[in-house]
Amino acid sequence: MKVRLHITFFLIFLCGFLKASQPLPKETTSIIRQLYVFDNGLVRAIGAIEENADIESLAGKRLFPENVCGDIIWFCESDPLPMQIPEDEQLFIRKVTVYLSELAEEENYNELNETLQKIKRFQTKNGGDALPTEFAAKTDIQYNSKGNEFALFIILVSAFSISMFCLLKKQESKTANTILTIFVILYIALNMACRWIIEKHIPLTSNYEIILFLSLCTLIINVIANKNSKTSQIINAIIAIIILAANICCDKSISALNSLLDSPLLAYHVSITIISYAIFMIMAINGIIGLVTKDTRTSDKLLHFNSIMLYPGIICLAIGIIIGSIWAKTAWGSYWSWDPKETWALITLLVYGIGIFANKSSIFLKNKNFHIFCIAAFAVVLFAYFGVNYLLTGFHSYI
């Protein structure tokens, strides 16, 4: 008797669970994913934020735009609403999410879809220019899909594996290596273009975006300037590891532009400085290879390459610092304030400046010494960016 009772209760629980967990129709899910929500200062499609969007995911979201004193402000059902909002709209904001839950429980999907469409029309009517374009919304959803992350993982692992295979087997294929590098370059460029479309500003405002751009510049310089296929393969493998690590460790979230960074000089200052860092990174990798290799001819080629690349690297860094000082004048009222970021950028410039004069001396004419200099100088670059960002505080602490 007890066994039958337990089985009966189990079947009742199981039936209730199956009914409660019944997925929404695809049409309903599609409408939910296309609704807009205000998140991190940006208006985005819910499908880009919630991978499995459902009725419950709408609760507490800022779905309802209203024109308040000329500004578009987004509200959720629990926010205090200004008096100037019409009563019918206030009632709609307060009650609609609860009504949606009731319709979902009743499985009244026709009325549910119609109510979701009313929210969509409400957003279109009151959102105005604050709403993203249909292309931007679709780009946002696709960019944040798991398929995109999986594609990136496959591409980077393939790049690393092929590069390491050629190195271990000592099979130097310049054509295959160049094609692979260009393919990775195009994917990173597409990745950054998507973020630009979504964020509505150049994607150079977070550590993740900086690492992407650094990797992009490094690969482009590597294709154009580095003719040694062996070192080129090593650089490809290192870049693949760096991007994979960035995808795991860095915050990839998309948000509105910090007001302190809202300047047309952002693109010039950051991009030119990162180009110099990319050059210095290649020089450091070449320095490590030059120290490890036993081939004197290869070491000589790497030294010659680094001694040439030193000049454009310093020029780009100097231009970046000058543009940054002009930006500082408009943002903080002075060209130079000895902020930790500014100070270490200047130290980096001076360190590499020493290399211009020192590589003509008898000490730096030795391959080993100049290779060590390239590695040590890049350690200063790493501290100037990561060390200052995480260990020191200043005007640039928000980066």
Side-chain angles (χ1 to χ4, degrees), residues 51 143-168 177 180-196 198-199 203-223 226 231-255 270-271 273-289 292 341 344 348 374-392 396-399:
E51 184 67 27
Y143 175 78
N144 289 280
S145 66
K146 291 183 178 179
N148 180 54
E149 293 183 1
F150 182 72
L152 176 62
F153 177 79
I154 293 298
I155 289 172
L156 294 176
V157 170
S158 299
F160 175 79
S161 302
I162 293 173
S163 298
M164 293 305 297
F165 177 80
C166 292
L167 286 170
L168 294 175
N177 189 61
L180 178 64
T181 305
I182 292 174
F183 191 71
V184 176
I185 287 172
L186 292 175
Y187 190 88
I188 297 174
L190 179 62
N191 195 340
M192 296 194 69
C194 289
R195 295 183 72 92
W196 197 334
I198 299 165
E199 296 177 354
L204 292 173
T205 58
S206 68
N207 285 330
Y208 177 69
E209 293 170 349
I210 294 295
I211 291 174
L212 278 184
F213 187 67
L214 175 66
S215 302
L216 180 65
C217 294
T218 303
L219 290 174
I220 292 174
I221 295 170
N222 187 35
V223 169
N226 202 344
T231 57
S232 180
Q233 289 165 359
I234 293 174
I235 290 172
N236 288 343
I238 291 174
I239 290 299
I241 294 174
I242 290 174
I243 301 177
L244 281 172
N247 275 270
I248 296 172
C249 302
C250 292
D251 181 10
K252 299 186 291 182
S253 61
I254 294 175
S255 59
V270 179
S271 60
T273 303
I274 296 304
I275 289 172
S276 71
Y277 288 176
I279 294 172
F280 297 148
M281 180 177 176
I282 292 176
M283 291 173 58
I285 295 173
N286 286 342
I288 295 173
I289 297 171
V292 173
K341 198 78 169 180
W344 277 94
T348 304
C374 292
I375 300 169
F378 189 67
V380 178
V381 172
L382 292 176
F383 185 83
Y385 186 78
F386 293 104
V388 172
N389 283 358
Y390 293 109
L391 301 178
L392 303 177
H396 294 77
S397 299
Y398 50 80
I399 298 177

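The first residue of the sequence shown is numbered 1, and numbering continues consecutively from there.
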- Query: Step by step, would you call F213 with V270 a side-chain contact (heavy atoms from CB on, under 4.5 Å)?
  - Reply: CA-CA 10 Å; F213 187 67; V270 179; 5.9 Å; no
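- Side-chain N or O atoms of N191 include none that pairs as donor or acceptor with a backbone N or O of Y187 at under 3.5 Å.
- Here the OG1 atom belonging to T348 is positioned 10.0 Å from the CZ atom belonging to F383, to the nearest 0.5 angstrom.
- What you find for A284 and I375 is that their closest heavy atoms are O-CG1, 3.8 Å.
- Closest of all the heavy-atom pairs between Y385 and S206 is OH-O, 4.5 Å.
- Using a 4.5 Å heavy-atom threshold, the side chains of M283 and F378 count as separate.
- Interatomic distance, N286 CG to I235 CD1, rounded to the nearest 0.5 Å: 5.5 Å.
- I210 CD1 to I274 CD1: the interatomic distance, rounded to the nearest 0.5 Å, is 4.5 Å.
- In this structure, the side chains of T218 and Y277 stay at 4.5 Å or more apart for every pair of heavy atoms.
- With rounding to the nearest 0.5 Å, the separation of CG in L190 from CH2 in W196 is 14.0 Å.
- Here the rule is side-chain contact (heavy atoms from CB on, under 4.5 Å) with I239, and of L216, L219, T181, I234 only L219 fits it.
- For the pair I198/Y143, a side-chain contact is recorded, criterion being any heavy-atom separation below 4.5 Å from C-beta on.
- Pairing each heavy atom of M192 with each of E209, the nearest pair is CE-O, 4.1 Å.
- Remark: I243 CD1 to I188 CD1 distance equals 3.5 Å, nearest 0.5 Å.
- Separating the CD1 atom in I238 from the CE atom in M281 is a distance of 6.5 Å, to the nearest 0.5 Å.
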